[in-house]
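A quick write-up on the structure given underneath.
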Amino acid sequence: MHSLTVAVLPGDGIGPEVVAEGTRVLRAVAETWGHEVALREGLIGGCAIDAHRTALPDETLRLCREADAVLLGAVGGPRWDDPAAPVRPEQGLLGLRQSLGVYANLRPVAVHPRLAAASPLRPERLRNVDFVVVRELTGGIYFGEKRRERLDGGDERATDTCTYTTREIERVVRAAAELARTRRGKLTSVDKANVLETSRLWRRTTTRVARDEFPDLALEHLLVDACAMHLLRRPADFDVIVTENMFGDILTDEAAMLAGSLGVLPSASLGEARAVRNGMRRGLYEPIHGSAPDIAGRGIANPIGTILSVALMLRHSFGLEKEGHAVEAAVAAALDEGCVSADIALPGERCWSTEEIGRTIADRVANLATQAGRLKLSLDSTTGRL
Ligand code: IPM
Ligand code: MN
């Protein structure tokens, strides 16, 4: 039995709706396998700005530091969109990623056959698509110096700086390469080395790390514009893609279209592998979609990205591979039965509510476990062991 503490940060927009289903599934897992889970809620983003005038209250940060893992919904919305506002909801998310030091953001992309029809791509292109984008999450242009100045003559000038150090590149490339070793052994590094200095350092560092430490892997380099094209032209060729912060942000929204919807993609953000406590590696888990203010409060958002993020949490933070796999199998089983939200439903198909989908998946988790238990019992009895 494991005793787990999870910080739960629902955030804004559809965040609270999808996180409620994520925690429902987490509780089903805990009940089924007899783990103890303590959920501690905190504010982040716009709702934190309303309550505390900061997007990341100290209290929330403390909660996250004390927890074994963090489950986050989404932040932002039109209410807090004033460009002149001194604080923005996104600062909460970026501040949290940086404070927790979770530099490797894993975004797995797989196509459930049932969802191929929801993708704008032809189904034959989607066969065997199964890759992970490892996005650098705590550096680059997101965190570089920003400036705004008024020039003589009234013109305004804005500056964002993109910076990477060798060390920042090495550690995320190592995380991606380790992952590729457990998969098909192929690593694609994405940059813009024909234009950007940071990308030239990225490419040289990646080449060296792969040559010296991972000679068993097949490394390819792609320019980001070409990668955007190849993701549509030959998506099944990719295994692990590693790239810098902003390229990873953009490419994964594109990649979500292979899977049918932005609503189904999960993510896991991890820091140093050495930072393990009681066998647990702290991580931040969130769907890749945003707060979707246009559909917030209507109970129609797709909770699958969040539920699959819970599966990643079970696997990466708690080492509960069997439980993580059960959640993924439960999602697949629910989809097989046509349990789909509006974003992935085909014309004429019934759209399930956020809660109906969450309940269905939570039920399937328990059922799958019982079936697996029975199977194990009967296997054991055939060998005479019980
Ligand atoms: C994401 C989101 C965030 C990002 C936003 C909300 C700041 O788009 O997680 O992909 O750009 O990282
Ligand atoms: Mn994004």
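Every number for a ligand or one of its atoms is a count from 1 in the order of the listing.
Tyr164 and Thr205 are not linked by any side-chain donor-acceptor pair at a separation below 3.5 angstrom, with hydrogens and angles left out of the test. With 3.5 Å as the limit, one finds a donor-acceptor pair spanning the side chains of Asn302 and Ser341.
Nearest protein neighbour of atom 2 (C) of ligand 1, counting heavy atoms only, is Asp249 OD1, 4.1 Å. In terms of protein heavy atoms, atom 11 (O) of ligand 1 is closest to Tyr142 OH, 2.6 Å.
Salt bridge annotation for Asp50-Arg79: present, with a cationic side-chain nitrogen under 4.0 angstrom from a carboxylate oxygen.
Linking ILVMFWY side-chain heavy atoms closer than 4.5 Å, directly or via other members, places Leu72 and Tyr285 in two distinct hydrophobic clusters.
Asp58 CG: 12 or fewer foreign heavy atoms inside a 6.0 Å radius.
Which parts of ligand 1 touch Arg135 is read off a 4.0 Å heavy-atom cut-off, strictly below it: atoms 1 (C), 4 (C), 9 (O), 10 (O), 11 (O), 12 (O). The ligand atoms of ligand 1 that sit less than 4.0 angstrom from a heavy atom of Arg97 are 1 (C), 4 (C), 9 (O), 12 (O).
For the Mn ion (ligand 2), the nearest N, O or S atom contributed by Asp249 is named OD1.
The distance from the Mn ion (ligand 2) to the nearest N/O/S atom of Asp253 is not under 2.8 Å.
Counting all heavy atoms, side chain and backbone alike, Thr354 lies closest to Glu21 at O-CG, 3.5 Å.
Checking His289, Glu90, Arg107 against atom 1 (C) of ligand 1, the nearest heavy atom belongs to Arg107.
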